[in-house]
S.K.: 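Please find one structure pasted underneath; my questions will follow.
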Number of protein chains: 2
Amino acid sequence: MEEATMHKSTLNVTPLLTPGEVATMFRVDPKTVTRWANSGKITAVRTLGGHRRFLEEEVRELLEAVPTQRR
Amino acid sequence: MEEATMHKSTLNVTPLLTPGEVATMFRVDPKTVTRWANSGKITAVRTLGGHRRFLEEEVRELLEAVPTQRR
DNA sequence: AACGATTGGGGTAATTCGGGAC
DNA sequence: CTTGTCCGAATTACCCCAATCG
């Protein structure tokens, strides 16, 4: 579909994830994701109300980052 | 809103298990599961804090008993 | 405005980590 | 050779309640 005929606007938005979604992906508690953000282990964007949102791309990288074993 | 109900988009979810859960399923000590991971016998993903998470699918496969013959 | 679900603060239990030795 | 246990330290989970989200 061409841009001119698209109904929804094609804004360049970086996909964001909620704390709950990130928590699900890592199999941890949402509060744990919050602690990761506070300690600078993961980038966090804030809503105007103070809630955190996370970069989907960064999350996927962090999930793949640590492979398996080490001797 | 529940995870299953949210229409956020197809969030890539690979079901993960904690060391304790895997240990319970195999009826072994969690430390033993850690040893399996360190020796590369089972795949492990890491949380940002260094804790291990295991692939549920792989665990289920490993749990499958071979009645007639092993090895 | 009102509603259910989620999140953000805190505090306190429970797991997990790593090493090491038996 | 595998497994369970011991230890201290670090990480994570669960509890409350008020605020934000959609």
Side-chain angles (χ1 to χ4, degrees), chain A residues 1 3 5-71, chain B:
Chain A
M1 184 182 276
E3 184 132 7
T5 57
M6 282 190 180
H7 292 177
K8 292 181 180 179
S9 59
T10 58
L11 296 174
N12 280 355
V13 268
T14 25
L16 299 180
L17 299 175
T18 65
E21 290 169 339
V22 178
T24 299
M25 296 171 72
F26 276 96
R27 185 52 166 91
V28 294
D29 193 272
K31 289 300 183 63
T32 300
V33 181
T34 295
R35 271 186 258 101
W36 291 347
N38 287 336
S39 61
K41 292 180 178 177
I42 184 173
T43 306
V45 179
R46 291 276 196 163
T47 68
L48 301 189
H51 286 196
R52 280 173 260 258
R53 297 285 115 97
F54 303 93
L55 307 178
E56 181 179 21
E57 185 179 353
E58 183 181 12
V59 172
R60 311 203 101 97
E61 290 177 357
L62 290 172
L63 267 176
E64 299 174 20
V66 196
T68 9
Q69 79 287 0
R70 66 191 145 114
R71 213 48 10 154
Chain B
M1 183 186 275
E2 290 185 7
E3 202 85 32
T5 313
M6 54 182 178
H7 49 67
K8 208 54 178 83
S9 81
T10 327
L11 185 57
N12 181 15
V13 177
T14 304
L16 300 177
L17 298 173
T18 65
E21 291 170 339
V22 177
T24 299
M25 295 169 73
F26 275 98
R27 244 288 217 177
V28 294
D29 193 271
K31 184 98 175 184
T32 299
V33 180
T34 296
R35 290 184 175 125
W36 293 346
N38 285 337
S39 61
K41 292 181 177 177
I42 185 174
T43 307
V45 178
R46 296 277 196 154
T47 68
L48 299 192
H51 285 200
R52 278 173 266 257
R53 297 284 113 102
F54 302 93
L55 306 178
E56 181 180 24
E57 186 179 354
E58 183 180 11
V59 172
R60 296 205 179 283
E61 290 177 0
L62 293 171
L63 271 175
E64 303 231 345
V66 182
T68 55
Q69 188 179 6
R70 74 187 62 224
R71 186 142 301 109

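Chain identifiers are assigned alphabetically (A, B, ...) following the order of the sequence lines, protein sequences preceding nucleic acid strands; residue numbering begins at 1 within each chain.
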S.K.: Quick check on D:dT11: is either OP1 or OP2 less than 4.0 Å from any side-chain nitrogen or oxygen of A:W36?
M.R.: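 Answer is no, no contact under 4.0 Å.
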S.K.: Please check the phosphate of C:dC17 (OP1 and OP2 only) for any side-chain N or O of B:T34 closer than 4.0 Å.
M.R.: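 For C:dC17, OP1 or OP2 has a side-chain N or O of B:T34 closer than 4.0 Å.
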S.K.: Rounded to whole Å, how long is the line connecting atom CZ of A:F26 with atom C1' of C:dT16?
M.R.: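 About 17 Å, once rounded to whole Å.
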S.K.: How close do B:V13 and B:P15 get, heavy atom to heavy atom, and via which atoms?
M.R.: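 Heavy-atom minimum between the residues: O-CD, 3.3 Å.
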S.K.: Given that B:L48 and A:T47 both sit by DNA chain D, which one's nearest nucleotide is further toward the 5' end?
M.R.: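 Between the two, 5'-proximity favours B:L48.
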S.K.: Would you please confirm or rule out a distance under 4.0 Å between OP1 or OP2 of D:dT12 and any side-chain N or O of B:T18?
M.R.: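 Checking D:dT12 against B:T18, no side-chain N or O comes under 4.0 Å of OP1 or OP2.
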S.K.: Identify which nucleotide among D:dA13, C:dG8, C:dT16 has an atom closest to any side-chain atom of A:P19, counting heavy atoms from C-beta outward.
M.R.: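 In terms of side-chain proximity for A:P19, the closest of D:dA13, C:dG8, C:dT16 is C:dG8.
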S.K.: Near A:R46 CZ, under 6.0 Å, is it more than 12 heavy atoms from other residues, nucleotides or ligands?
M.R.: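 More than 12 heavy atoms, drawn from other residues, nucleotides or ligands, come within 6.0 Å of this atom.
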S.K.: Looking at every heavy atom in both B:V45 and A:L63, which two are closest together, and how far apart are they?
M.R.: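 In this case the closest contact between B:V45 and A:L63 is CG1-O, 3.8 Å.
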S.K.: Taking CZ from B:R53 and C1' from D:dA13, how many angstroms apart are they, rounded to a whole number?
M.R.: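 Rounded to whole Å, this separation is 10 Å.
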S.K.: Starting at atom NZ of A:K31, determine the distance to atom P of D:dT11, rounded to an integer number of angstrom.
M.R.: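 So the two atoms are 18 Å apart, to the nearest Å.
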S.K.: In whole angstroms, how far is the C1' atom of C:dG9 from the CZ atom of A:R52?
M.R.: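 From A:R52 CZ to C:dG9 C1': 9 Å.
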S.K.: Between CD of B:E21 and CE of B:M25, what distance do you get to the nearest 0.5 Å?
M.R.: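 With rounding to 0.5 Å, CD (B:E21) is 8.5 Å from CE (B:M25).
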S.K.: Out of D:dC21, C:dG18, D:dC16, which has the shortest distance to the side chain of A:H51?
M.R.: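 Selected nucleotide: D:dC21.
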S.K.: For B:P30 and B:G49, find the nucleotide of DNA chain D closest to each by heavy atoms; which residue's nucleotide sits nearer the 5' end?
M.R.: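 The residue mapped nearer the 5' terminus is B:P30.
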S.K.: Identify the two heavy atoms, one from B:D29 and one from B:A23, that lie closest to each other, and give their separation to 0.1 Å.
M.R.: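 Taking every non-hydrogen atom into account, C-CB, 4.0 Å.
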S.K.: Check every strand shown and say whether B:R35 touches a base, only sugar-phosphate, or nothing at a heavy-atom separation below 4.0 Å.
M.R.: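 Base, at least one base atom sits under 4.0 Å.
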S.K.: For residues A:R52 and A:T34, report the shortest heavy-atom separation together with the two atoms involved.
M.R.: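 Closest pair (atom of A:R52, atom of A:T34, distance): NH2-CG2, 2.9 Å.
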S.K.: Side chain of B:D29 only, please: which of C:dG9, D:dG4, D:dA13 is the nearest?
M.R.: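 Within the option list, the nearest is D:dG4.
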S.K.: Expressed in angstrom and rounded to an integer, what is the separation of B:F54 atom CZ from C:dC17 atom P?
M.R.: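 It works out to 7 Å between those atoms.
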S.K.: Which residue pairs satisfy the ring-ring contact (aromatic ring centres under 6.0 Å, His included) criterion with at least one member in residues 33-60 of chain A, sequence neighbours excluded?
M.R.: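 Sorted pair list: A:F26-A:W36.
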S.K.: Of all the choices, D:dT12, C:dG9, C:dT16, which nucleotide is nearest to the side chain of A:R46 once you look at every atom?
M.R.: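 Taking heavy atoms from C-beta onward, the closest nucleotide is C:dG9.
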S.K.: Whole angstroms only, please: what is the CG-P distance between A:N38 and C:dT7?
M.R.: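 In whole Å, C:dT7 P and A:N38 CG are 15 Å from each other.
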S.K.: Using a 3.5 Å limit on both pairing distances, list the dot-bracket string of DNA chain C from the 5' end; Watson-Crick and G-U wobble pairs count, crossing pairs take [ ], interstrand pairs take |.
M.R.: ..|||||||||||||||||..|
